[in-house]
Amino acid sequence: MPYESKWNAPFSYVEEIKPDQQDQKSRLRYGIINDEHYVYITLKTKDPNTIQKILGSGLKISFSPEGQKKEGYSLLFPVIMKEDRKALKRIETDLPNSLGLGLLLDSYNKEALWKDKQGQRFINLVAADGSIKSHISMDKDGELSEQIAIPFSLMGVNTKENSMLGINIKIEGQSSQSGFSPRIGIGLGGGIGMGSGMGVGIGTGGYGSRYDNSDRNVDIRLEVQLARAN
């Protein structure tokens, strides 16, 4: 689908990018802006099934710069480990202010997985180095938000010369991350939700069990027209 990015003028990463489009299948809303150095993406949804999939498998955002290999770059965020899935089964995610859910989101905000021509590597999101930024959160109304900022320099994009950027947003496969071990300890292998009333997991009575998963997969393919300064 064609999408016209908006020019970032002026903008701070912590400010809100208003999603202006919605994927009808997954109910995931999205908005994209850029300046000459970064592309900024905001994703939001209240759809319980889509939230379940994002928290349980992670979102993979792939980039196809004009004239380069298709989907040669990608960001996996949040990075979901086996321990996370075990913890999710003990968290009542129907409660957006759940302590267990808050701890889980905090752990997700520690790192992301970036893939480029050199292969895959973990990006430390805590010790910010001014490059990739990613953040996931849930508000009191149960809306999940994901914000991402990617430097064009990491993808070999010059906004003065490149006008198009392919972006594919999709749910990561359940099993593909089983071989990865995060360098930052997540610490959710045990104890979350034990004896504190958070025993209903999203796979066993929370999100997902009341919804038909078959036609709600996230797979958004955008041909983004990059914005330029006037």
Side-chain angles (χ1 to χ4, degrees), residues 1-26 28-45 54 58-79 108-137 144-172 176 218-230:
M1 290 178 58
Y3 182 93
E4 289 192 17
S5 178
K6 284 76 180 172
W7 182 252
N8 162 17
F11 176 81
S12 165
Y13 174 70
V14 297
E15 289 181 308
E16 189 73 16
I17 306 169
K18 302 294 188 212
D20 57 359
Q21 299 289 331
Q22 176 172 285
D23 177 49
Q24 295 307 310
K25 183 180 288 188
S26 64
L28 187 68
R29 294 158 48 228
Y30 53 91
I32 302 171
I33 66 174
N34 71 271
D35 55 26
E36 58 184 309
H37 301 295
Y38 279 84
V39 58
Y40 304 87
I41 303 169
T42 289
L43 306 166
K44 288 179 175 288
T45 186
I54 292 173
L59 269 183
K60 183 177 182 180
I61 303 181
S62 303
F63 301 91
S64 305
E66 192 174 11
Q68 296 190 45
K69 179 182 176 183
K70 185 178 180 183
E71 299 188 2
Y73 307 88
S74 66
L75 183 76
L76 177 60
F77 177 79
V79 181
Y108 286 171
N109 284 321
K110 289 182 178 180
E111 63 183 2
L113 188 65
W114 174 250
K115 177 190 172 188
D116 56 18
K117 294 177 181 178
Q118 281 72 50
Q120 297 187 103
R121 64 181 183 276
F122 280 102
I123 302 293
N124 187 326
L125 301 173
V126 180
D129 61 358
S131 59
I132 295 173
K133 297 170 184 164
S134 299
H135 188 264
I136 190 168
S137 61
L144 192 76
S145 298
E146 186 166 318
Q147 275 194 307
I148 293 162
I150 308 284
F152 285 125
S153 60
L154 291 183
M155 300 182 286
V157 171
N158 182 336
T159 54
K160 292 185 174 72
E161 300 173 359
N162 304 106
S163 60
M164 303 299 294
L165 178 66
I167 298 180
N168 182 204
I169 304 165
K170 61 184 177 183
I171 295 291
E172 179 67 349
S176 63
V218 176
D219 190 0
I220 305 169
R221 298 175 185 271
L222 303 173
E223 192 69 26
V224 178
Q225 174 76 49
L226 296 176
R228 294 180 178 178
N230 295 327

message: Could you check whether atom NZ of Lys6 has more than 12 heavy atoms from other residues, nucleotides or ligands sitting under 6.0 Å from it?
response: yes
query: Heavy-atom distance under 4.5 Å between the side chains of Leu226 and Phe152, does that happen here?
result: yes
statement: Between Ile220 and Asn168 the two heavy atoms that sit nearest each other are O-ND2, 3.0 Å
statement: In terms of heavy-atom contacts, Pro19 and Thr42 come closest through CG-CG2, 4.0 Å
query: Between CD of Gln22 and OG1 of Thr45, what distance do you get to the nearest 0.5 Å?
result: 7.0 Å
- request: Verify side chain to side chain contact (heavy atoms under 4.5 Å, CB included) between Val39 and Ser5, making sure each step is shown before the conclusion.
  value: CA-CA 9 Å; Val39 58; Ser5 178; 5.6 Å; no
query: Got a second to check how far Met1's CE is from Asp23's CG, nearest 0.5 Å?
result: 8.0 Å
query: Are any non-hydrogen side-chain atoms of Pro151 and His37 less than 4.5 angstrom apart?
result: no
field: Under 3.5 Å donor-acceptor, Glu66 side chain and Ser163 backbone
entry: yes
query: How would you list, by chain and number, every residue that makes a side-chain hydrogen bond (donor to acceptor under 3.5 Å, both in side chains) with Asp35, sequence neighbours excluded?
result: Asn8, Tyr40
- line: Rounded to the nearest 0.5 angstrom, the CD-CG distance for Gln68 and Leu165 is 9.5 Å
- request: Go through the structure and list residues passing side-chain hydrogen bond (donor to acceptor under 3.5 Å, both in side chains) with Ser74, not counting sequence neighbours.
  value: none
Nearest-0.5 Å distance, CG of residue Leu125 to CZ of residue Phe122: 11.0 Å
message: If the condition is side-chain contact (heavy atoms from CB on, under 4.5 Å), which residues does Asp116 pass it with, not counting sequence neighbours?
response: Tyr73, Trp114, Gln118, Arg121
field: Under-4.0 Å salt bridge between Asp219 and Arg221
entry: yes
statement: side-chain contact (heavy atoms from CB on, under 4.5 Å) filter on Ser137, not counting sequence neighbours, yields His135, Ser145
- prompt: Between Ile132 and Phe77, is any pair of side-chain heavy atoms under 4.5 Å apart?
  reply: no
task: Please identify each residue that fulfils side-chain contact (heavy atoms from CB on, under 4.5 Å) with Glu223, with sequence neighbours left out.
output: Met164
task: Give the minimum heavy-atom separation between Tyr3 and Ile32, together with the two atoms involved.
output: OH-N, 3.0 Å
task: Only counting residues at least two apart or in another chain, list the ones meeting side-chain contact (heavy atoms from CB on, under 4.5 Å) with Ser64.
output: Lys70, Glu71
query: What pair of heavy atoms forms the shortest contact from Ile61 to Leu43, and how long is it?
result: CD1-CD1, 4.1 Å
- request: Keeping the roles fixed (side chain from Asn34, backbone from Ala227), state whether a donor-acceptor pair exists under 3.5 Å.
  value: yes
query: Which pair of heavy atoms, one from Ile169 and one from Leu28, lies closest together, and at what distance?
result: CG2-CD2, 4.3 Å
- prompt: How far does CD1 of Ile123 sit from NZ of Lys133, to the nearest 0.5 angstrom?
  reply: 13.5 Å
field: Reported OH-to-CD1 distance for the pair Tyr38 and Ile148, which is rounded to 0.5 angstrom
entry: 13.5 Å
- prompt: So which heavy atom on Glu36 is nearest to which on Trp7, and how close?
  reply: N-CH2, 3.5 Å
